[in-house]
Amino acid sequence: MATEVFLLNFGGPECAEDVEPFLARLFADPFIIRTPMPGAVRRWLARRLAVRRAPKASAEYRAIGFSPLNRATAAQAQHLAGILARERPGTRVHIINRYTPPFAEDVLETLDLERARMFLIALYPHLCHSTTVSSLRDFDLAAVRRTGRLDLPSVRVFSWWHHPAYLEMTHAALASELSSALAAAGPDERVSVGFSAHGL
């Protein structure tokens, strides 16, 4: 039995041409705009919003060199695949993004899901409907389209951010970055510190 590991993430535009389709897919997600509406209306509204927002979003993404998320996820997948190749030979690691390729339907198209052990790992560092739940639902819908089955067994990992080792490492990194920034500011300079929770 094959073992398939799926890393589920948001995805991000890597060039200007990616921005509008990324926004259209984002706005079409019922977990992002949570107003009940028919699918055709939702897709029409999503396309209109994407066209309006794309120029400004493209400029903002261009200013930061576009999204680094896909590269970071690929590095994570490669590292995990290397570890699993030693410990569990034959295990394959796949990336599935929610809003930019690779999409669930494309990744699952070539896999024998009914004869596989599946592990889904949501890479979001929090539990939220518009991220974790949306990605899991997207995977499930693609798996149903692929197999016609609603009952495919899988192991779902989406609470890793509670692990003490992760928390210790994250806190140490944040403290180090903050200490460096405060030291650079000087002892008499007024400093404001902002904490972001990614829009939550």
Side-chain angles (χ1 to χ4, degrees), residues 4 6-74 76-77 94-111 113 118-152 154 156-161 194-200:
E4 312 287 359
F6 301 96
L7 302 183
L8 308 180
N9 213 344
F10 200 78
E14 296 181 319
C15 63
E17 293 74 28
D18 292 347
V19 173
E20 190 176 313
F22 164 75
L23 292 174
R25 193 167 172 102
L26 181 73
F27 293 135
D29 186 343
F31 286 108
I32 300 293
I33 299 178
R34 299 185 74 172
T35 303
M37 63 182 84
V41 173
R42 181 177 297 281
R43 289 187 296 276
W44 174 83
L45 177 62
R47 284 192 300 274
R48 286 195 51 118
L49 289 171
V51 167
R52 278 188 79 158
R53 296 280 301 275
K56 183 172 189 251
S58 290
E60 291 169 347
Y61 273 113
R62 186 175 288 108
I64 64 167
F66 292 94
S67 175
L69 190 57
N70 297 339
R71 292 187 303 276
T73 306
Q76 286 177 298
H94 311 274
I95 297 169
I96 294 178
N97 285 334
R98 183 66 184 93
Y99 304 112
T100 61
F103 298 121
E105 56 267 25
D106 300 325
V107 173
L108 301 185
E109 185 177 40
T110 61
L111 303 178
L113 301 179
M118 296 190 293
F119 294 84
L120 283 64
I121 305 172
L123 296 184
Y124 307 105
H126 52 263
L127 178 60
C128 178
H129 276 82
S130 61
T131 54
T132 305
V133 175
S134 180
S135 285
L136 291 170
R137 176 180 175 269
D138 185 55
F139 180 94
D140 289 340
L141 291 174
V144 168
R145 286 191 296 271
R146 173 84 174 92
T147 66
R149 290 181 54 188
L150 291 166
D151 61 344
L152 292 174
S154 64
R156 295 167 184 235
V157 180
F158 52 85
S159 59
W160 50 266
W161 60 85
F195 291 90
S196 169
H198 196 65
L200 295 178

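All heavy atoms count here, side chains included; hydrogens, waters and symmetry mates do not. Keep in mind the model is a prediction, meaning the values are calculated, not measured.
No side-chain donor-acceptor contact under 3.5 Å links N70 to the backbone of P13. Using modelled atom types, one side-chain atom of R42 and one backbone atom of I33 make a donor-acceptor pair closer than 3.5 Å.
Residue H94 forms a ring-ring contact (aromatic ring centres under 6.0 Å, His included) with just one option from F6, F103, F119, and that option is F6.
Counting heavy atoms from C-beta on, the side chains of W161 and L127 come closer than 4.5 Å. Contact check for V133 versus L136: no side-chain heavy atoms found under the 4.5 Å cut-off. Between P102 and N97, the closest side-chain pair of non-hydrogen atoms falls below 4.5 Å. Residues L26 and F10 form a side-chain contact, since some pair of their non-hydrogen atoms from C-beta on lies under 4.5 Å apart. No side-chain heavy atom of F31 sits under 4.5 Å from any side-chain heavy atom of R98.
In terms of heavy atoms, A24 sits closest to A50 at N-CB, 3.5 Å. For A16 against S58, the heavy-atom pair with the smallest separation is O-OG, 4.0 Å. Residues A28 and A46 come closest through the heavy atom pair N-CB, 3.4 Å. When all heavy atoms of M118 and L152 are compared, the pair lying nearest together is CE-CB, 3.9 Å. Contact between H129 and R34 at its shortest, heavy atoms only, is CB-NH1, 3.9 Å. Scanning all heavy atoms of the two residues, the minimum distance from F158 to T132 falls at CB-CG2, 3.9 Å.
Taking CG from D29 and OG from S134, the interatomic distance works out to 3.5 Å, rounded to the nearest 0.5 Å. Considering CG of L120 and CG of D140, their distance stands at 7.5 Å, rounded to 0.5 Å. Distance check: L45 CG to M37 CE gives 5.5 Å after rounding to the nearest 0.5 Å. Atom CG in N9 sits 11.5 Å away from atom CD1 in I96 (nearest 0.5 Å). Between the OH atom of Y99 and the CD1 atom of I32 there is a distance of 4.0 Å, given to the nearest 0.5 Å. Separating the CZ atom in R47 from the CD atom in E20 is a distance of 10.5 Å, to the nearest 0.5 Å.
Residue-environment remark: CZ (R145) exceeds the threshold of 12 foreign heavy atoms within 6.0 Å.
A cation-pi arrangement is absent between R53 and F27, since the terminal nitrogen or guanidinium carbon is not both under 6.0 Å from the aromatic centre and inside a 45° cone about the axis.
Ring pair Y61/F22 is perpendicular by interplanar angle, where above 60° counts as perpendicular and below 30° as parallel.
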Residues F139, L108; criterion side chain to side chain contact (heavy atoms under 4.5 Å, CB included); working and verdict: CA-CA 9 Å; F139 180 94; L108 301 185; 3.7 Å; yes
